J.: 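The structure's right below; bear with me while I get my questions together.
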Amino acid sequence: MRKVLGKAFFRRSAPEVAPDLIGKYLVREMNGAQEAYMITETEAYEGLDDRASHASRGRTKRTEVMFGPAGHWYVYLIYGMYQMLNVVTGDDGHPSAVLIRAVEGIDGPGRLTKRLSITRDFNTKKVSKVTGLWIEDRGVRIDPTHIKKTARIGVENAGPVWAKKEWRFVYI
DNA sequence: ACGATGATGAAC
DNA sequence: TTCATCATCGTA
């Protein structure tokens, strides 16, 4: 079983999509060669009110993609050095996204994009084979007891309510 | 514990 | 146009 995930999968709330992405495969195609990595850690950023989300400041040039249709990449630069890879989720007009923080063998969102040569060139592009970066269901079933829920990382400034939400999902 | 390193958004 | 901030990481 090998299915490329599309809009139907991503067009749900970020806290629904994020745990479902654990066990799916991030596939990168470069100069004819494919590399696939099982996703092991994700974080959900959901809605205008989520103060940990870039979208909480409203529609800007950068966040516009988060307000758009599900199934597109949102890639941005952080600390002047690292690129963060997100998938836009939810309905068109509703800002939400899932940050892919780790895959099997590559721990950390900044390391992940560096290793897979993922840059802001992917920003706003579709999550599909044609862009060279997509996500597949390869039939791996992850038992919910193997998905740990925790608070998100690096969002202390979002205020107690949003910083405490257990929207980080880790494969254990 | 700290500095690297540059885009972003808000203030002025 | 300046300025603080930042969904991080490597070195110490």
Side-chain angles (χ1 to χ4, degrees), chain A residues 5 9-24 26 28 35 37-91 93-127 131 133-135 147-172:
Chain A
L5 299 180
F9 180 89
F10 298 112
R11 204 182 59 192
R12 296 176 287 150
S13 76
E16 285 179 88
V17 174
D20 275 5
L21 278 174
I22 305 296
K24 304 298 188 292
L26 180 67
R28 176 75 166 113
E35 302 173 36
Y37 302 85
M38 196 182 82
I39 295 169
T40 55
E41 182 181 348
T42 59
E43 271 178 8
Y45 290 85
E46 175 60 34
L48 265 178
D49 297 334
D50 180 1
R51 286 193 40 214
S53 170
H54 294 158
S56 65
R57 298 187 179 277
R59 265 182 206 257
T60 66
K61 190 174 179 192
R62 178 172 66 160
T63 63
E64 186 63 28
V65 62
M66 285 187 76
F67 287 81
H72 291 252
W73 296 114
Y74 168 40
V75 184
Y76 66 90
L77 185 72
I78 190 70
Y79 298 110
M81 266 178 266
Y82 302 102
Q83 325 265 340
M84 300 284 113
L85 178 67
N86 301 255
V87 197
V88 174
T89 57
D91 283 322
H94 176 83
S96 68
V98 172
L99 170 65
I100 300 177
R101 294 188 55 89
V103 297
E104 218 162 37
I106 312 174
D107 205 346
R111 297 191 188 107
L112 166 64
T113 51
K114 187 172 183 186
R115 282 275 301 279
L116 300 194
S117 303
I118 296 164
T119 68
R120 278 166 295 169
D121 292 347
F122 280 101
N123 191 43
T124 75
K125 295 221 173 113
K126 227 176 144 183
V127 179
T131 65
L133 185 65
W134 68 95
I135 300 174
I147 300 177
K148 182 168 73 175
K149 292 194 269 191
T150 80
R152 293 171 290 180
I153 301 293
V155 298
E156 300 308 315
N157 54 348
V161 174
W162 298 97
K164 281 195 302 194
K165 294 237 180 250
E166 297 200 312
W167 282 353
R168 171 173 174 251
F169 304 90
V170 190
Y171 178 60
I172 49 172

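Proteins come first, then strands; the chains are lettered A, B, ... in the order of their sequence lines, and each starts at number 1. All values derive from a computational prediction rather than experimental measurement.
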J.: At less than 4.0 Å, is any side-chain N or O atom of A:H54 found next to OP1 or OP2 of B:dT8? Yes or no.
T.: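 Checking B:dT8 against A:H54, no side-chain N or O comes under 4.0 Å of OP1 or OP2.
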
J.: The side chain of A:M81 lies closest to which of these nucleotides: B:dA4, B:dA7, C:dC9?
T.: B:dA4

J.: If I take atom CZ in residue A:R115 and atom P in nucleotide C:dT8, what distance separates them, rounded to the nearest angstrom?
T.: 19 Å

J.: Report yes or no: is there a donor-acceptor pair, N or O only, under 3.5 Å between the side chain of A:Y76 and the base of C:dA7?
T.: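 In this structure, the two groups form a donor-acceptor pair.
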
J.: Tell which nucleotide pairs with C:dC9, taking only Watson-Crick or G-U wobble pairs whose two distances are both under 3.5 angstrom.
T.: B:dG3

J.: Can you tell which of C:dA7, B:dG6, C:dC6 lies closest to the side chain of A:Y45?
T.: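 Of the options given, the side chain of A:Y45 lies nearest C:dA7.
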
J.: Within this structure, what is the CD-to-C1' distance between A:E46 and C:dA7, rounded to whole angstrom?
T.: 15 Å

J.: Counting side-chain heavy atoms from CB outward, which of C:dC9, C:dA7, B:dG9 is closest to A:V155?
T.: C:dA7

J.: For a quick test of reading the model: is some side-chain N or O of A:R62 closer than 4.0 Å to OP1 or OP2 of B:dG9?
T.: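 For B:dG9, OP1/OP2 do have a side-chain N/O of A:R62 under 4.0 Å.
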
J.: Does C:dG10 have OP1 or OP2 sitting under 4.0 Å from an N or O in the side chain of A:R111?
T.: yes

J.: Closest approach to the side chain of A:L77, judged atom by atom: which nucleotide of B:dG9, C:dA7, B:dA7 is it?
T.: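 That would be B:dA7.
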
J.: Between B:dA7 atom P and A:N123 atom CG, what is the distance in whole Å?
T.: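 From A:N123 CG to B:dA7 P: 14 Å.
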
J.: Roughly, in whole Å, what's the span from CD1 in A:I78 to C1' in C:dA4?
T.: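 Rounded to whole Å, this separation is 13 Å.
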
J.: Could you tell me whether A:H54 and A:Y76 have their ring centroids closer than 6.0 angstrom?
T.: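 Judged by ring-centre distance (under 6.0 Å), A:H54 and A:Y76 do meet the cut-off.
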
J.: Could you tell me whether A:R28 atom CZ has more than 12 heavy atoms of other residues or ligands within 6.0 Å of it?
T.: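 Yes, because the 6.0 Å sphere around CZ of A:R28 holds more than 12 heavy atoms from other groups.
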
J.: What is the distance, rounded to the nearest whole Å, between atom CD of A:E156 and atom P of C:dT5?
T.: 16 Å

J.: Identify whether the distance between the nearest side-chain nitrogen and carboxylate oxygen of A:R152 and A:D50 falls below 4.0 Å.
T.: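 Salt bridge between A:R152 and A:D50, a charged N being under 4.0 Å from a carboxylate O: yes.
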
J.: Want to settle it: does A:K114 or A:E43 sit nearer the 5' end of DNA chain C, counting the closest nucleotide to each?
T.: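 Counting from the 5' end, the first nearest nucleotide belongs to A:E43.
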
J.: OP1 or OP2 of C:dA7 sitting under 4.0 Å from any side-chain N/O of A:R168?
T.: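 No, no such contact exists.
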
J.: With sugar-phosphate meaning primed atoms plus P, OP1 and OP2, does A:R51 contact a base, only sugar-phosphate, or nothing at under 4.0 Å between heavy atoms?
T.: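 Nothing, no heavy atom under 4.0 Å.
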
J.: Please state how far atom CD in A:E41 lies from atom C1' in C:dC9, giving the value in whole angstrom units.
T.: 14 Å

J.: So, A:E166 and A:K149, do they make that salt bridge, N to O below 4.0 Å?
T.: no

J.: May A:Y79 be described as stacking on the base of B:dA4, applying a 5.5 Å centroid limit and a 30° limit on plane angle?
T.: no

J.: Pick base, sugar-phosphate or nothing for A:M84, based on heavy-atom distances below 4.0 Å to the nucleic acid.
T.: sugar-phosphate

J.: Which residue lies toward the 5' end of DNA chain B, A:Y82 or A:K61, if each is placed at its nearest nucleotide?
T.: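 Closest to the 5' end, via its nearest nucleotide, is A:Y82.
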
J.: Under 4.0 Å, heavy atoms only, any strand: does A:R57 hit a base, just the sugar-phosphate, or nothing?
T.: sugar-phosphate

J.: Does A:E43 reach the main-chain N or O of A:R168 with its side chain, forming a donor-acceptor pair under 3.5 Å?
T.: no

J.: From the options A:V98, A:I39, A:I147, A:D20, select the one residue that forms a side-chain contact (heavy atoms from CB on, under 4.5 Å) with A:F169.
T.: A:I147

J.: To the nearest Å, give me how far apart CE (A:M66) and P (B:dT8) are.
T.: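 One finds 15 Å between P of B:dT8 and CE of A:M66, rounded.
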
